[in-house]
Asks: 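Dropping a structure here in structure tokens format, bear with me for questions.
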Amino acid sequence: MDRKKTYDRTKVVDLTDDRGIEDLAMHLRDGEVIGFPTETVYGLGADAFSADSVKKIFAAKGRPSDNPLICHIADKDQIAECVREITPVAKKLIDAFMPGPVTVIMKKSDRIPSEVTAGLDTVGIRMPENLTARKFLAACKVPVAAPSANLSGSPSPTTAEHVMRDMDGYIYGIIDGGECTYGLESTVVDCTGEVPVILRPGAITPAAIRSLCGDVVMAGQLKEGETPMSPGMKYRHYAPKALVEIMKMPAKTVIINDEPGSEYEAAEDKSYLDFKKLDDDQKQDLVDIAAPFVFRIREILKDSPATRIGIFAGDEVCALIDKLGDKVISAHTETYAYGRAADVLAASHCLFDGLRHLDRQDVGIILAQGFEGEGLSRAYMNRLGKAAVKGGDIPEGVNYEEDRRGSELSDFKGTYTASVLFVCDDNKRLSIACEGIFTELIRWNAPYRLRQDKDIGCELYCESAGLKAYQDDKPDEEMVRSLAEVSKVNISSYRTRRTDPSVFDANDLIFTMRDEQAYEILRSFPELDGKVFSLSSYCAGKGLVFKSDDGRIASISIPDPKGENHATYLHTASALKAWLELIFPYVLKDLEIERC
Ligand code: TXA
Ligand code: MG
């Protein structure tokens with residue numbers, strides 16, 4: 001499916017800006033697509049009565065139009081315009097759970113075009129409880145057809161920033177309403193029959209529906225020959241680029257908020273992190289939750305030492321892994337702590353943000369906390385399970401790498417800078433090539449921010465110099481050519497420089513090509529200890545030690561190709577590229593910055 005940018009920038013309106021919201025509502029009525037917050041996830045809305053407007057949603061999402069959309073309303077009076085009949089079961093759900101995180105499927109009226117329902121004769125109706133959503137939907141004055149505002153196949157957006165990342169330039173505007181309360185999409189309930197059928201689990205749980213209606217069926221337990229009622233199950237969903245593995249929670253763990261009664265609030269009281277205050281049973285519980293993570297991390301790193309692992313787990317679990325003080329584990333893991341380990345509402349609230357965040361850190365695999373409960377846990381496990389499906393189709397035609405790159409999103413409070421230096425002897429081949437390759441990596445992975453203060457952006461730079469270099473000499477022409485061939489990086493305009501104390505001072509990390517060069521620098525400048533590494537000692541310190549088949553440690557030094565033939569130069573250029581790509585994420589971590 002072709003995706004074409006229609007706007008330079010998507011307009012962002014704050015939730016406090018009533019006039020701005022009115023204006024976006026007016027544009028929606030004029031046929032535009034608008035992103036808006038709800039208590040579940042952000043939606044991508046268009047006038048549900050206009051087939052042409054609705055088609056634009058599919059174009060922006062890169063989504064095939066065989067998946068029906070939900071109609072969002074501000075007032076229960078609008079239901080009558082959209083549906084032909086309200087069954088007794090539907091009425092019960094509407095009275096009890098609307099406004100709220102539920103979608104009720106009923107027979108559609110003639111006013112709803114088939115573009116909305118993908119040709120089905122039913123339509124899903126949802127009345128969000130989020131106040132900004134209500135204000136916007138009221139101003140729209142028409143029912144608003146909206147799927148979640150993510151690029152098809154990727155995790156649903158739970159912040160305006162997520163929507164911008166996927167949709168900037170593809171839709172007219174978006175309302176920034178902050179973080180979504182639940183973070184998982186609504187419970188979809190088919191109410192066309194006598195018994196409600198849950199097509200998609202959500203924050204309105206099976207128990208809540210059963211106690212209201214006496215009975216409830218979970219879809220998915222299909223008999224042979226039956227076709228699934230909710231389409232849209234064809235594609236890999238909620239999927240980050242990384243593989244996802246679910247870590248089982250011990251059966252004895254008492255899950256918190258499995259039947260969410262009230263709105264999510266990040267727990268103020270973090271006393272559960274004070275390990276000294278835990279009694280023996282509590283300590284054991286925590287160890288039992290954390291153990292599967294630690295075992296699995298060790299196992300993965302044993303098999304493939306260069307794997308970077310994302311951890312989506314509770315605060316205590318992340319703190320415990322940190323407390324192990326294992327340098328190799330810490331170099332290879334990116335953690336996202338969602339709140340108290342047993343709190344499924346906290347985990348749900350953070351799940352999609354966590355998957356997106358860990359993906360941005362370029363981990364190869366994500367280990368995510370599982371929950372065994374019957375309520376919200378089901379919704380959480382349903383989404384996590386789909387993210388964890390291996391393989392699966394990614395809808396055709398959407399270039400994920402290209403589409404997810406580089407929109408400048410955040411208004412950073414201030415900008416911090418970090419810089420990396422590459423050093424060799426004459427600065428004509430190895431270090432200058434590193435500068436070229438690393439500059440490209442920096443550009444490709446931008447923007448960055450501080451790990452500790454995510455509002456502060458970071459500019460990352462790199463440079464190169466030589467211990468015995470002349471000033472302003474041209475790089476080795478053969479190196480220029482080989483590098484252009486291997487990586488499209490052009491260093492022909494670069495000039496050589498000699499190292500001096502001010503260059504060392506200006507950089508946060510210094511990489512030499514050979515061990516001797518690092519020793520030489522440290523002998524003259526012992527105060528640089530901790531920031532000077534040869535490429536090979538840096539890798540060894542991270543546990544990036546590669547063994548050949550006979551068990552010997554493979555050497556990772558990169559010899560200077562000076563005077564050698566073209567093939568050797570090419571080989572050197574590819575080797576440098578591979579090494580720098582490998583260390584790039586570790587460098588970010590050491591500089592205490594991350595991709596955003
Ligand atoms: O919380 C939510 O429901 C969010 C917010 C934006 O409201 N919306 C959302 O929309 O998640 P979407 O399009 O990403 O997912 C809607 C789900 C799909 O699985 C779709 O197949 C199902 O609801 N659905 C919609 N209309 C249906 C219908 N008439 N019959 C059966 N399933 C339907
Ligand atoms: Mg969706």
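Both counts, for ligands and for their atoms, begin at 1 and track the order of listing.
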Asks: Look at R126 together with E39 and state whether they make a salt bridge at an N to O cut-off of under 4.0 Å.
Replies: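 E39 and R126: salt-bridged.
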Asks: Any idea which heavy atoms bring P292 and K248 closest together, and the distance?
Replies: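 The pair with the smallest heavy-atom distance is CG-O, 4.0 Å.
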Asks: Need the ligand 1 atom indices (1-based, order shown) with element for anything under 4.0 Å from a heavy-atom of S186.
Replies: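 Listed by number with element, the hits are 1 (O), 2 (C), 3 (O).
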Asks: What pairs with H162 under ring-ring contact (aromatic ring centres under 6.0 Å, His included), at least two apart in sequence or on another chain?
Replies: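 H162 satisfies ring-ring contact (aromatic ring centres under 6.0 Å, His included) with no residue once adjacent residues are dropped.
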Asks: For T117, state whether at least one heavy atom is located under 4.0 Å from any atom of ligand 1.
Replies: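 The answer is no: ligand 1 sits nowhere under 4.0 Å from a heavy atom of T117.
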Asks: When you measure from the Mg ion (ligand 2) to the N, O or S atoms of N150, does any of those distances fall below 2.8 Å?
Replies: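 So N150 does not bind the Mg ion (ligand 2) by this criterion.
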Asks: From atom 8 (N) of ligand 1, work out which of L199, V116, I70 has a heavy atom at the shortest distance.
Replies: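 Selected option, by shortest heavy-atom distance: I70.
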Asks: Could you check whether any side-chain heavy atom of E129 comes within less than 4.5 Å of a side-chain heavy atom of M98, counting everything from C-beta outward?
Replies: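 Sidechains of M98 and E129: no contact.
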Asks: Give the numbers and elements of all ligand 1 atoms closer than 4.0 Å to a heavy atom of N67.
Replies: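 Listed by number with element, the hits are 20 (C), 21 (O).
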Asks: How would you list, by chain and number, every residue that makes a ring-ring contact (aromatic ring centres under 6.0 Å, His included) with Y172, sequence neighbours excluded?
Replies: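 So Y172 forms a ring-ring contact (aromatic ring centres under 6.0 Å, His included) with Y7, H27.
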Asks: For R29 versus D47, what's the shortest heavy-atom pair and its separation?
Replies: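 The pair with the smallest heavy-atom distance is O-OD2, 4.5 Å.
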Asks: Do R3 and Y170 form a cation-pi contact, if we require the NZ or CZ to be under 6.0 Å from the six-membered ring centre and within 45 degrees of the ring's axis?
Replies: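 Yes, R3 lies over the aromatic ring of Y170.
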Asks: Report the C-alpha separation of K11 and D23 in whole Å, then their side-chain angles, then the decisive distance to 0.1 Å, and conclude whether the salt bridge (charged side-chain N to carboxylate O under 4.0 Å, His left out) test is met.
Replies: CA-CA 11 Å; K11 189 171 176 178; D23 176 62; 3.1 Å; yes
Asks: Check each atom of ligand 1 against the heavy atoms of P147 and keep those under 4.0 Å away; list them by number with element.
Replies: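 Selected atoms, number and element: 10 (O), 12 (P), 13 (O).
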Asks: Suppose I only count heavy atoms of V188 and a 4.0 Å limit; which atoms of ligand 1 are within that range?
Replies: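 Close to V188: 23 (O).
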Asks: Counting each atom of ligand 1 from 1 as listed, which ones have a heavy atom of L120 under 4.0 Å away?
Replies: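 Those of ligand 1 that fall under 4.0 Å from L120 are 28 (C), 29 (N), 30 (N).
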Asks: Could you list the atoms of ligand 1 found under 4.0 angstrom from a heavy atom of H72?
Replies: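 What qualifies from ligand 1 is 5 (C), 6 (C), 7 (O).
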Asks: Quick test of your reading of the structure: of R200, R126, K61, E185, whose heavy atom lies closest to atom 16 (C) of ligand 1?
Replies: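 Going through R200, R126, K61, E185 one by one, R200 has the nearest heavy atom to atom 16 (C) of ligand 1.
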Asks: Run the contact test for K108 against ligand 1 with a 4.0 Å cut-off on heavy atoms, strictly below, and give the result.
Replies: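 Distance cut 4.0 Å: K108 fails for ligand 1.
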Asks: Below 4.0 angstrom from a heavy atom of G43, which ligand 1 atoms are there? Numbered from 1 as shown, please.
Replies: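 Matching atoms, with element in brackets: 6 (C).
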Asks: Can you list the ligand 1 atoms lying under 4.0 Å from a non-hydrogen atom of T122?
Replies: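 Atoms satisfying the 4.0 Å criterion: 28 (C), 29 (N), 30 (N).
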Asks: Using a plain distance cutoff, I'd like to know if T38 has any nitrogen or oxygen under 3.5 Å from a nitrogen or oxygen of ligand 1.
Replies: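 It does not: no N or O of T38 is found under 3.5 Å from an N or O of ligand 1.
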Asks: Look at the aromatic rings of F36 and F136 and report parallel, tilted or perpendicular, splitting at 30° and 60°.
Replies: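 F36 and F136: tilted rings.
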